[in-house]
Engineer: 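Pasting a structure below so you can have a look.
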Number of protein chains: 2
Amino acid sequence: MPFIDHRSVIPLYYQLAQILREQIRTTELPAGQLLPSERELMNTYDLSRNTVRQALDLLAREGLIVREHGHGTYVSNLSNSFHYMMDTFYENRDLLKRAGYTPTVKQISSQRLIPPEVVRQALRLEPQVETLCHTMIFFADDRPAMYTQDFLPLALAGEYDLSLEGEGFMRYLDRASGVRVEYVLVDISPVEAAGEVAHAFSCPVGKPLLLMKETFLDGAQNRAVCFSLNYFNQEVLNFRLLTRRG
Amino acid sequence: MPFIDHRSVIPLYYQLAQILREQIRTTELPAGQLLPSERELMNTYDLSRNTVRQALDLLAREGLIVREHGHGTYVSNLSNSFHYMMDTFYENRDLLKRAGYTPTVKQISSQRLIPPEVVRQALRLEPQVETLCHTMIFFADDRPAMYTQDFLPLALAGEYDLSLEGEGFMRYLDRASGVRVEYVLVDISPVEAAGEVAHAFSCPVGKPLLLMKETFLDGAQNRAVCFSLNYFNQEVLNFRLLTRRG
DNA sequence: GAGTGGTCTAGACCACTTC
DNA sequence: AAGTGGTCTAGACCACTCG
């Protein structure tokens, strides 16, 4: 297996990617393990550095490996637990802008509370530990589009002011947490509208809504910085993906 | 604007990508327009071919441009209409495998009918034109995970046999349509379980479900080859995305 | 056959991390 | 200072499309 056929019609970078994928799958390269450096892979498989990088680019885009400048490349921790990998994550505000709307934000509340179980697990908090909970509504051209609750560990409990147009939420997290948010894990599920959300969207209780549970992760995919619940108003905003063939 | 600062700290490939992005945004490069060839861009901006390709790779991954081997690179038709771009699309069967299940498929029915409006629009069919409709259920370790309806234009009405383990749906489409499916447009929405779907999942009518409407497109994103409705059973399968920061 | 994008090489310098 | 990944160049050959 760990062989590259230099005369094959299969591109060399693809063969290398396949070899590494296989080693990750069989945990010959376990999660967290440092890969050989690019120059080592060059020599081992008799490839140029660009070709090695092309292979690693592929795996990085698939979320299988994580690169760290000046340090090395290692196997991702999430390698087998997700279904899809997206290229870019957008802030809620940017999402609305891209959809052609003018976004505005209304802050509903900001309080300390013991978070729901799902939040506790995502942030790996001890039971009964409080978090800060920001609740707000994003409007698209004055129609309510998203109902959002952000749960921040108290260590990050800064004075995040959403009325600040300039700074996005992720840049705020960078600053407050001291960790750069690089990935966002998104769980998409359908729920029934209820309580405050139904009220915010002026829709009947029980109407199906899209709920996106977002976990903000650092570059190593190890540390969860923040957790967020986002309810989408389907009347205003569709959730659409363009995917490329695998 | 259309200038590259070779002494800037901003990478050259990123500057070029930004220039092209801007030209696409302002429709100076309108949808469908051929871009200058890579060698032309090389000369125009005084960059090496690899650097030009790095910029184009970025835009292609964002879905802004489409490349055609031997022909050229042009501005995508969908450039502004989607929210997210994913790297890879998986067949339903592969999706279940990746989630760690053993997939099986049960064909429910296969009939000619006049499709719902949403299908007609996606496939750009005239009113009253019939399509073939395959209905099936995908099981994950014998639990019903997805309820799927594929709508195929009659021209593609082959004898697609899902029991064939070897061939996936997209490869079938390639063969039957004579067009290689390169992109899948996915619309995600929450709906209430009803009728056959509720029955298949043994869940109460009215329970929120995830519905994914998939449109299969060729490489030019011009031709819709097939349309598919996929209902997800949340009890079995979560829909999860790992996204990278933009 | 001319032009295109796809792949590949051998080299180079840089910024970053670690020791 | 040594090693890492990030960027960049100049050149090459290939497979593909089109006239």
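The structure displayed is predicted, hence computed values, not measured ones. Within every chain, numbering begins at 1; the chains are lettered A, B, ... in the order of the sequence lines, protein sequences first and strands thereafter.
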Engineer: Given 3.5 Å as the limit, does a donor-acceptor pair link the side chain of B/Arg112 with the main chain of B/Thr131, or not?
Structural biologist: no

Engineer: Restricting to side chain to side chain contact (heavy atoms under 4.5 Å, CB included), what partner residues turn up for B/Ala17, sequence neighbours left out?
Structural biologist: B/Arg21, B/Ala55, B/Leu58, B/Leu59

Engineer: A/Thr44: which residues meet the side chain to side chain donor-acceptor pair (under 3.5 Å) condition with it, sequence neighbours left out?
Structural biologist: none

Engineer: Hey, does the side chain of B/Ser37 come within less than 4.0 Å of C/dT4's phosphate (OP1/OP2), counting only N and O?
Structural biologist: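 Answer is yes, contact under 4.0 Å.
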
Engineer: Just how far, in rounded Å, is C1' of D/dT7 from CD of A/Gln54?
Structural biologist: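 Computing the A/Gln54:CD to D/dT7:C1' distance gives 15 Å.
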
Engineer: Can a side-chain donor-acceptor contact be found between B/Asn230 and B/Ser228 if the only test is distance below 3.5 angstrom?
Structural biologist: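 B/Asn230 and B/Ser228 do have a side-chain donor-acceptor pair below 3.5 Å.
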
Engineer: Apply side chain to side chain contact (heavy atoms under 4.5 Å, CB included) to A/Ser37 and list each qualifying residue two or more places apart in sequence or on a separate chain.
Structural biologist: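 Scan of A/Ser37 (side chain to side chain contact (heavy atoms under 4.5 Å, CB included), adjacent residues dropped) gives A/Arg39, A/Glu40.
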
Engineer: Without decimals, in angstroms, what is the distance between B/Leu56 CG and C/dT7 P?
Structural biologist: 14 Å

Engineer: So what does B/Leu12 hit on the nucleic acid, given a heavy-atom distance under 4.0 Å: a base, only sugar-phosphate, or nothing?
Structural biologist: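 Answer is sugar-phosphate: B/Leu12 comes under 4.0 Å of backbone atoms only.
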
Engineer: Establish, from distance only, whether the side-chain atoms of B/Glu68 and B/Tyr74 form a donor-acceptor pair under 3.5 Å.
Structural biologist: yes

Engineer: Holding to side chain to side chain contact (heavy atoms under 4.5 Å, CB included), I want the full list of residues that pass it with A/Glu38, two or more places apart in sequence or in another chain.
Structural biologist: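 Per chain and number, A/Glu38 pairs via side chain to side chain contact (heavy atoms under 4.5 Å, CB included) with A/Arg49, A/Val52, A/Arg53, A/Leu56, A/Arg67.
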
Engineer: To the nearest 10°, let me know how far the axis at one end of the helix from C/dG1-D/dC18 to C/dT18-D/dA1 is tilted from the axis at the other, five pairs an end.
Structural biologist: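 Helix axis angle between the two ends: 10°.
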
Engineer: Whole Å only: how far is the CD1 atom of A/Ile10 from the C1' atom of C/dC8?
Structural biologist: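 After rounding, the gap between these two atoms is 16 Å.
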
Engineer: How many angstroms lie between CD1 in A/Ile188 and CZ in A/Phe232, if you round to the nearest 0.5 Å?
Structural biologist: 8.0 Å

Engineer: Give a yes/no answer on whether the side chain of B/Thr51 brings an N or O atom under 4.0 Å of OP1 or OP2 in D/dT9.
Structural biologist: yes

Engineer: What string of B, S and - do you get for nucleotides 10-19 of chain C 5' to 3' if you count protein non-hydrogen atoms under 4.0 Å?
Structural biologist: B-B--BBBS-

Engineer: Please check the phosphate of C/dT7 (OP1 and OP2 only) for any side-chain N or O of A/Tyr13 closer than 4.0 Å.
Structural biologist: yes

Engineer: On the nucleotide D/dG6, are OP1 or OP2 found under 4.0 Å from the side-chain N or O atoms that A/Arg67 carries?
Structural biologist: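 True: A/Arg67 side-chain N/O within range (under 4.0 Å) of D/dG6 OP1/OP2.
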
